[in-house]
Amino acid sequence: MNKTLDLETLASLCKRRGFIFQSSELYGGINGFWDYGPLGCELKRNIKDAWWKAVVRTREDVVGLEASIIMHPAIWKASGHADGFADPMVDCKDCRKRFRADQLCEEQGVELIKTEATFALPDGVQCPACGSKNLTPPRSFNLMFKTFVGPVEDETNVAWLRPETAQAIFAQFSNIVATARQKVPFGVAQMGKSFRNEINPRNYTFRSREFEQMELEFFIRPDEAVELICGHVTQLDDKPDLMGPPQASWGWNVWLHYWIEQRLTWYRAIGLPEADLEQYWQVGDELAHYARACVDIEYAFPFGVQELEGIAARADFDLTQHQTHSGKHMDIFDETLKQAAAKLDDPAREAFTRKVVTDWTRQGKSEEDARAFVAKLFDGKYIPHVIEPSAGTDRLALALLSNAYDEETFTDHKGKTDTRTVMRFHPSIAPIKLGVFPLVKNKPELYGKARDIFAQLQRRWNCFWDESGAIGRRYRRMDEAGTPWCVTVDFQTLDDDTVTLRERDNMQQVRLSLSDLVDKLDAEIG
RNA sequence: GCGGGUAUAGCUUAAUGGUAAAGCUCCAGCCUUCCAAGCUGGCUAUACGGGUUCGAUUCCCGUUACCCGCUCCA
C-alpha cells in the first residue's frame, strides 16, 4: 500500500471526485452511514459483479439467493443473534472503563440480576480495573436494528433488520435443495445490505451501521460420510491440489483451505497486492464456540491491518439450530452415500460405528448422538456441514480505493515539477473504463467522428465523454477517476480510422485501429 | 459510550465583534493538433440551534459530524 496515504487525503479525493459522500450531509450527516456517488456506485457494482461472476456464474456448484432484509424474528433467536447481540454493559464512572455485566458478575462470583427487560448488578460488584464500586447500571447494547411490522408498535410486532445475509441461506436451505438440482457439495451465495447498530463506527466507511455483504455458504458432506463413500478422507497432509477441481474425498479442512485459496486468488485478480493481504487464524476464545476454524483475510489499510473477509468452518451448527427451532428436519438425502453404505456388511458397519463413537466422545459429544448420526448416515441422510466465506463489500471498496491511490511527482521537459494524483484501479473494477475525447472541439468533422466512436464504445463499456479544456487536463481528470485508458480522436483518425490510446499508469500513447482497440480492451478488462 | 481535538466555497487555506479573501476545481465562452496552457465571465462558504451584544463567522452554551486515544466489534 501507499505508506504515506492517510484516510483524510483519501476521503477528500473520494468526495472531490464523487466516490463517497457522507450520508445526509445536507442535514449535518448521520454517524455510521455513507453514500456512494457516481464513481463510487460504479466501483461497488463492479466489485459485486466480479464476485458474483467468480463465485456463482463461472461455477456449476454454486447458486444464488436474494432474500428479504426483514425476516421472521425467530430466525434471529435460532441463530443466536437476538441474545448474543444484547449483552448488558456497565461503565465504571471513576476510571471510565466498560465491561460486560455478565462477565463481571461471573468473575466476582455473583449472579447478574435479571428482570423482564432490564438487568441490575448485585451489591458489592467492583471495577476490575480500579476497584471502584461507582458503576453505572447494566445497559443493553443490542446491535440489531429493531423495527415493527405493521402499524402497531408493540412487542408482538417486533422485527429486526438482518445483521448478516447468511441466515437467510440456512432458512431457505430446504427450498433451494428442492429446486436447484444441486447435490452436496454445493454452495448458495447472497449479496446484500446488512445492518448493525455499532456502538462506535470508525475509520471512514470501514465500520458502518449499514453495509453490504457478499456471503457464500458452501455445503459439504460431513467427514464421516466422505469416509463411507471414498474409503478415506483427504487431509491437508495428503497435499491435495487446492487450485484444481474439488475432489469428492476432501475433508472439511481441505475445503476450508480450498476456499481460502479461491478467495485470495480473487482478491489478487481485482488488484490487491499479495504483500498487503494477510491471513489471521482465530485461536481459543476468539473462535465462536461452534466454529471448527475461522481465518480472517486481512488487508493493510492506512489505519492498520484489518479484516476484509472471514472464512469459517461452521460444521452443521446453523442448520441444526434451525432444525431445532423450526421443528423441520434439515437432513438431505445422498444417494451416493446410501449406496456406499449398502455395500458394507454388518461387521464393517459395526467397526465404522465404533470409530465414530470413539471420535465423538473424545470431542465431548454423547455416544447416543453419535449412534443416531451413524444410523442416519447408513440411510444416506445427514445435515450438511458448511464453509462460510463472508466478505464485506464496503470494506473491499475502501481497500481498493486505498490501494489505488497514488501521487506521482515528475519534472516535465520545461523543467517544471508537477504532481499527478492517479487512482490505479485494476481495469476490471475501474468505474470508468475509457475516456473518449475529440482532440479539439471546434472542428465539426473531428467532433462528429469522435461522437460516433464514443457511441460505439459506450455500448460495450462505461465510457466518459469529455470535450472541455486542454487535452492534458482531460487526461488528468480521468487519472483521478481511475480510468485506465483514454481514446483521443485526432485528424489522422479522419484519414485512417486509427485513434490514440493513452494509458493511465505510464501516460504512454499508442496509435491503433478501432478493432484492435476493442480487442485490447476485451483482453484487459476481462 | 468516555476523554481530547476540529468544523469558513467542491478542495486547500486566509481574515474579522461591523462589506468574508484567495489559489485550485467546476461551469460558460474564446482560443487550442496530445499531458492540469492562456484570456474573459460565472456559480459557490462561516456545520446546526440557542445565548451575550446595537451588531456574532469571531465570545459563551448546547447539538451534530469528522479525526485521535480508550471502549466495542456478537
Side-chain angles (χ1 to χ4, degrees), chain A residues 6-9 11-18 21-34 37 76 79-87 89-100 102 129 136 139 141-144 163-164 196-209 211 286-291 296 303 306-307 310 392 408 410 412-414 416 418-422 435 437-443 446 467-480 486-494 499-504 506-509 511:
Chain A
D6 67 83
L7 222 43
E8 292 197 52
T9 305
S12 171
L13 177 126
C14 284
K15 184 175 183 189
R16 184 168 73 242
R17 285 295 166 188
F21 306 125
Q22 198 179 4
S23 171
S24 316
E25 192 189 73
L26 186 61
Y27 292 98
I30 178 166
N31 188 305
F33 298 90
W34 299 92
W76 309 115
S79 69
H81 289 84
D83 300 325
F85 261 41
D87 296 326
M89 309 293 291
V90 294
D91 293 319
C92 173
K93 289 177 182 170
D94 292 325
C95 72
R96 306 202 175 280
K97 290 207 159 49
R98 171 176 291 169
F99 309 94
R100 268 176 61 175
D102 55 333
T136 63
R139 291 172 292 183
F141 292 85
N142 193 321
L143 293 185
M144 283 200 293
E164 61 170 44
R196 296 183 196 182
N197 208 348
E198 297 284 356
I199 293 166
N200 192 359
R202 272 293 166 88
N203 289 330
Y204 200 27
T205 60
F206 182 80
R207 177 167 296 125
S208 305
R209 291 188 163 121
F211 58 100
E286 298 168 337
L287 217 48
H289 64 90
Y290 50 79
D296 292 340
F303 46 85
Q306 296 279 341
E307 181 185 354
E408 206 177 58
F410 51 88
D412 67 13
H413 61 278
K414 295 170 195 152
K416 210 174 91 181
D418 188 15
T419 299
R420 181 173 82 119
T421 301
V422 50
F437 315 144
L439 183 58
V440 294
K441 70 173 171 183
N442 59 356
K443 300 284 187 291
L446 183 67
E467 61 183 48
S468 98
I471 192 77
R473 178 188 297 269
R474 288 180 254 163
Y475 287 146
R476 297 300 179 83
R477 281 196 282 242
M478 286 289 97
D479 289 340
E480 278 203 349
C486 295
V487 163
T488 299
V489 174
D490 60 14
F491 291 94
Q492 191 178 332
T493 312
L494 298 175
V499 293
T500 59
L501 183 70
R502 180 263 195 187
E503 299 217 357
R504 173 195 67 201
N506 57 21
M507 299 166 73
Q508 299 298 304
Q509 291 180 2
R511 177 167 284 279

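Note: hydrogens, waters and symmetry copies are ignored here, and every other heavy atom, side chains too, is used. Within every chain, numbering begins at 1; the chains are lettered A, B, ... in the order of the sequence lines, protein sequences first and strands thereafter. These figures come from a predicted structure and were not determined experimentally.
- Base-pair partner of A56(B): not found among the strands shown (Watson-Crick or G-U wobble, both distances under 3.5 Å).
- Residue contacts shown for Ser12(A) are limited to sugar-phosphate atoms, with no base heavy atom under 4.0 Å away.
- For Glu164(A), the side-chain atoms get nearest to A74(B) when compared with the rest of A74(B), C73(B), C35(B).
- Residue Met478(A) contributes atom CE, which lies 14 Å from atom C1' of C26(B) at whole-angstrom precision.
- Rounding to the nearest 0.5 Å gives a distance of 12.5 Å between CZ of Arg202(A) and CD of Gln306(A).
- A stacking contact links Phe491(A) to U33(B): the aromatic ring centre lies within less than 5.5 Å of the base's six-membered ring centre, and the planes differ by less than 30°.
- Side chain of Arg474(A) to main chain of Pro438(A): a donor-acceptor pair is present (N/O by atom type, distance under 3.5 Å, no hydrogens or angles).
- A donor N or O paired with an acceptor N or O is found under 3.5 Å between the base of C34(B) and the side-chain atoms of Thr500(A).
- A47(B) sits 27 Å from C54(B) when the C1' atoms are compared, rounded to a whole Å.
- A65(B) and G41(B) are spaced 43 Å apart, taking the P atom of each and rounding to whole Å.
- Candidate nucleotides C73(B), A36(B), C34(B) were compared by shortest atom distance to the side chain of Arg476(A), and A36(B) ranks first.
- Atom C1' of C43(B) sits at a distance of 11 Å from the matching atom of A28(B), rounded to the whole Å.
- Looking at Arg502(A), its side chain comes within 3.5 Å of the base of C35(B) through a donor and an acceptor atom.
- For Arg473(A) and C26(B), the shortest distance from a side-chain N or O to OP1 or OP2 is below 4.0 Å.
- Nucleotide G17(B) forms a pair with no other nucleotide shown, judged by Watson-Crick or G-U wobble geometry with both contacts under 3.5 Å.
- Between the C1' atom of G1(B) and the CG atom of Asn197(A) lies a distance of 12 Å, rounded to the nearest Å.
- Atom CG in Asp6(A) sits roughly 12 Å away from atom C1' in C68(B) (whole-Å rounding).
- Within 4.0 Å of Glu503(A), counting heavy atoms only, lies no atom of the nucleic acid at all.
- Contacts of Tyr27(A) with the nucleic acid, taken as non-hydrogen atoms under 4.0 Å apart, are absent.
- Remark: Arg473(A) CZ to Ser468(A) OG distance equals 8.0 Å, nearest 0.5 Å.
- The side chain of Lys441(A) sits closest to U32(B) out of C35(B), U32(B), C27(B).
- Heavy atoms only, all atoms of each residue included: Phe491(A) and Val440(A) are closest at CZ-CG2, 4.2 Å.
- When the C1' atom is compared between U64(B) and G50(B), the two are found 14 Å apart, to the nearest whole Å.
- Under the Watson-Crick or G-U wobble criterion, with both distances below 3.5 Å, C66(B) is paired with G5(B).
- With a cut-off of 3.5 Å on both pairing distances, the Watson-Crick or G-U wobble partner of C27(B) is G41(B).
- Side-chain nitrogen and oxygen atoms of Asn200(A) include none within less than 4.0 Å of the OP1 or OP2 phosphate oxygen of C73(B).
- Here Arg196(A) does not reach the OP1 or OP2 of A74(B): none of its side-chain N or O atoms lies under 4.0 Å away.
- Between Lys443(A) and Gly28(A), the residue whose closest nucleotide on RNA chain B is further toward the 5' end is Lys443(A).
- Under 3.5 Å, the side chain of Tyr475(A) and the base of C34(B) form at least one donor-acceptor pair of N or O atoms.
- Asn442(A) has a side-chain polar atom (N or O) that falls below the 4.0 Å cut-off from OP1 or OP2 of U32(B).
- Contact annotation: Arg202(A) does not reach the phosphate of C70(B) (side-chain N/O to OP1 or OP2, under 4.0 Å).
- RNA chain B is contacted by both Gly32(A) and Glu480(A); Glu480(A) maps to the nucleotide lying nearer its 5′ end (nearest heavy atom per residue).
- Following rounding to the nearest Å, Tyr204(A) (OH) and A65(B) (C1') show an atom-to-atom distance of 14 Å.
- Once rounded to the nearest 0.5 Å, the distance linking CD1 of Ile471(A) with CG of Asp490(A) reads 9.0 Å.
- Residue contacts shown for Gln509(A) include a base, since a base heavy atom lies under 4.0 Å away.
- Among C34(B), A74(B), C72(B), the nucleotide with an atom closest to any side-chain atom of Asp490(A) is C34(B).
- Not a single donor-acceptor contact under 3.5 angstrom links the side-chain atoms of Glu8(A) to the base of C67(B).
- For the C1' atoms, the distance linking U6(B) with U58(B) amounts to 16 Å, nearest Å.
- Nucleotide A36(B) holds its P atom 12 Å from the CZ atom of Arg474(A), rounded to whole Å.
- Distance Phe303(A) CZ to C66(B) P: 14 Å, rounded to the nearest Å.
- Nearest to the side-chain atoms of Arg17(A) among the listed nucleotides A36(B), C66(B), C35(B) stands A36(B).
- Across A36(B) and G69(B), the matching C1' atoms stand 39 Å from one another, rounded to whole Å.
- Rounding to the nearest 0.5 Å places CZ of Arg209(A) at 8.0 Å from CD1 of Ile30(A).
- Ring geometry for Tyr204(A) versus Trp34(A): interplanar angle over 60°, hence perpendicular rather than tilted (30 to 60°).
- The separation of U46(B) from G10(B), taken at their P atoms, amounts to 9 Å, rounded to a whole angstrom.
- Following rounding to the nearest Å, Arg16(A) (CZ) and C11(B) (C1') show an atom-to-atom distance of 6 Å.
- Here the closest heavy-atom approach between residue Glu198(A) and residue Leu143(A) is recorded as CA-CD2, 4.2 Å.
- Taking atom P in both C61(B) and A21(B), the straight-line distance is 29 Å, to the nearest Å.
- Nucleotide A36(B) has no partner under the Watson-Crick or G-U criteria, as no pair reaches both atom distances under 3.5 Å.
- Checking the phosphate oxygens (OP1, OP2) of C11(B), a side-chain nitrogen or oxygen of Lys15(A) falls inside 4.0 Å.
- Scanning atom types as modelled, no donor and acceptor separated by under 3.5 angstrom connect the side chain of Asp479(A) and the base of C35(B).
- Distance, Gln22(A) CD to G10(B) C1': 15 Å, rounded to whole Å.
- Nucleic acid contact class of Asn31(A) (heavy atoms, under 4.0 Å, all strands): sugar-phosphate only.
- Side chain of Arg476(A) to main chain of Arg420(A): no donor-acceptor pair is present (N/O by atom type, distance under 3.5 Å, no hydrogens or angles).
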